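Given the structure is predicted, the values throughout are model-derived calculations rather than measurements. Below, chains carry the letters A, B, ... as their sequence lines are ordered, and counting in each starts from 1.
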Amino acid sequence: MYFDRMADAAAASAVSGPPAARAVSYLHEISPEMRGCAIFGPSGQLLAATGDETASARWAEPGQDFLAAADAAGGEPVAHAHVATADGEAFCVRHAELAAVAVTERFVLASLMIFDLRTVLRDLADGKAPESERRAGPDGAPAEGGEEFRAT
Amino acid sequence: MTPKPHRTLFDRVSGYADEAAAYLRRRRAIRQPFARVYYPGGRSADCGADADAGRELYRAAAALIEVAGPLQRAPRSQRNRR
């Protein structure tokens, strides 16, 4: 339904995947300048990330390192962090016991990116479906998500 | 030859728009890398690259950006053209 507006590659259905994977797909749908993202659970385990099964597993260690480095910068757990470099921008957001990291193109609207990440984490923590599924059309078919994903 | 009345106004608005665009281009060109962390309660702090913690944060961000790779765009035929 919405894939003609997406900047991502071929979409995969987000209906049957686990909630975190559907959340990653939804983030790709609403953030065309996002290169990838990952969602971590309460113990720091990778729940879902951009890409197929092999690609998504590569997010685990760098994502955890980024979260740990953000926490170590001030000596306490951060609510969110934003790092802008010449090669792109990295974000991390925490909500409840979940955490998300995302990488975007340069000069994105940081407040919007952080808002989207926090909204997705809040929906996940509350057990709600992503917004695209809640806005499913009359035939019940949800909006297709972004890049192919696999939850680990 | 006397210019048309609307032309003066158009030229002035175009001039403002050109200056604004140039300002934004300069601002983007000179923007330096930065790292900022935010804590519950609203407090925030900048992390400079001169400290160990800041360097580690930049290094971790660079590793994450490398994992993400370049932006994947849909083929031109699938993009919404407006």
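Between Asp65(A) atom CG and Arg59(B) atom CZ the span is 5.5 Å, to the nearest 0.5 Å.
By the neighbour-count criterion of 12 heavy atoms within 6.0 Å, atom CD of Glu66(B) is sparsely surrounded, having that number or fewer from other residues, nucleotides or ligands. Residue-environment remark: CZ (Phe115(A)) stays at or below the threshold of 12 foreign heavy atoms within 6.0 Å.
Of the atoms belonging to Ala45(B), not a single heavy atom falls under 4.5 Å from chain A. For Glu76(A), the parts sitting under 4.5 Å from any heavy atom of chain B are the backbone and the side chain alike. Contact annotation for Ala72(A): only backbone heavy atoms (N, CA, C, O) come within less than 4.5 Å of a heavy atom of chain B.
By the 4.5 Å heavy-atom criterion applied to side chains, Trp59(A) and Leu64(B) are counted as neighbours. At a threshold of 4.5 Å between non-hydrogen side-chain atoms, the residues Val83(A) and Tyr58(B) count as touching.
Here Ala35(B) is the residue among Ala63(B), Ala35(B), Pro70(B), Cys47(B) with the most heavy-atom pairs under 4.5 Å with chain A. Of the listed residues Ala73(A), Ala86(A), Ala90(A), the one with more heavy-atom pairs under 4.5 angstrom with chain B than any other is Ala73(A). Contact tally against chain B (heavy-atom pairs below 4.5 Å) for Pro77(A), Ala84(A), Gly36(A): the top residue is Ala84(A). Most heavy-atom pairs under 4.5 Å with chain A: of the set Gly54(B), Ala53(B), Ala51(B), this distinction falls to Ala53(B).
Of all heavy-atom pairs between Arg35(A) and Ile65(B), the closest is NH1-CG2, 3.6 Å. Minimum heavy-atom separation, Glu105(A) to Leu71(B): OE2-CB, 3.6 Å.
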Test side-chain contact (heavy atoms from CB on, under 4.5 Å) applied to Leu57(B) and Phe66(A), step by step: CA-CA 7 Å; Leu57(B) 187 53; Phe66(A) 184 58; 3.8 Å; yes

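Taking non-hydrogen atoms and a 4.5 Å limit, the residue list of residues 36-44 of chain B in contact with chain A, ordered by number, reads Arg36(B), Val37(B), Tyr38(B), Tyr39(B), Pro40(B), Arg43(B).
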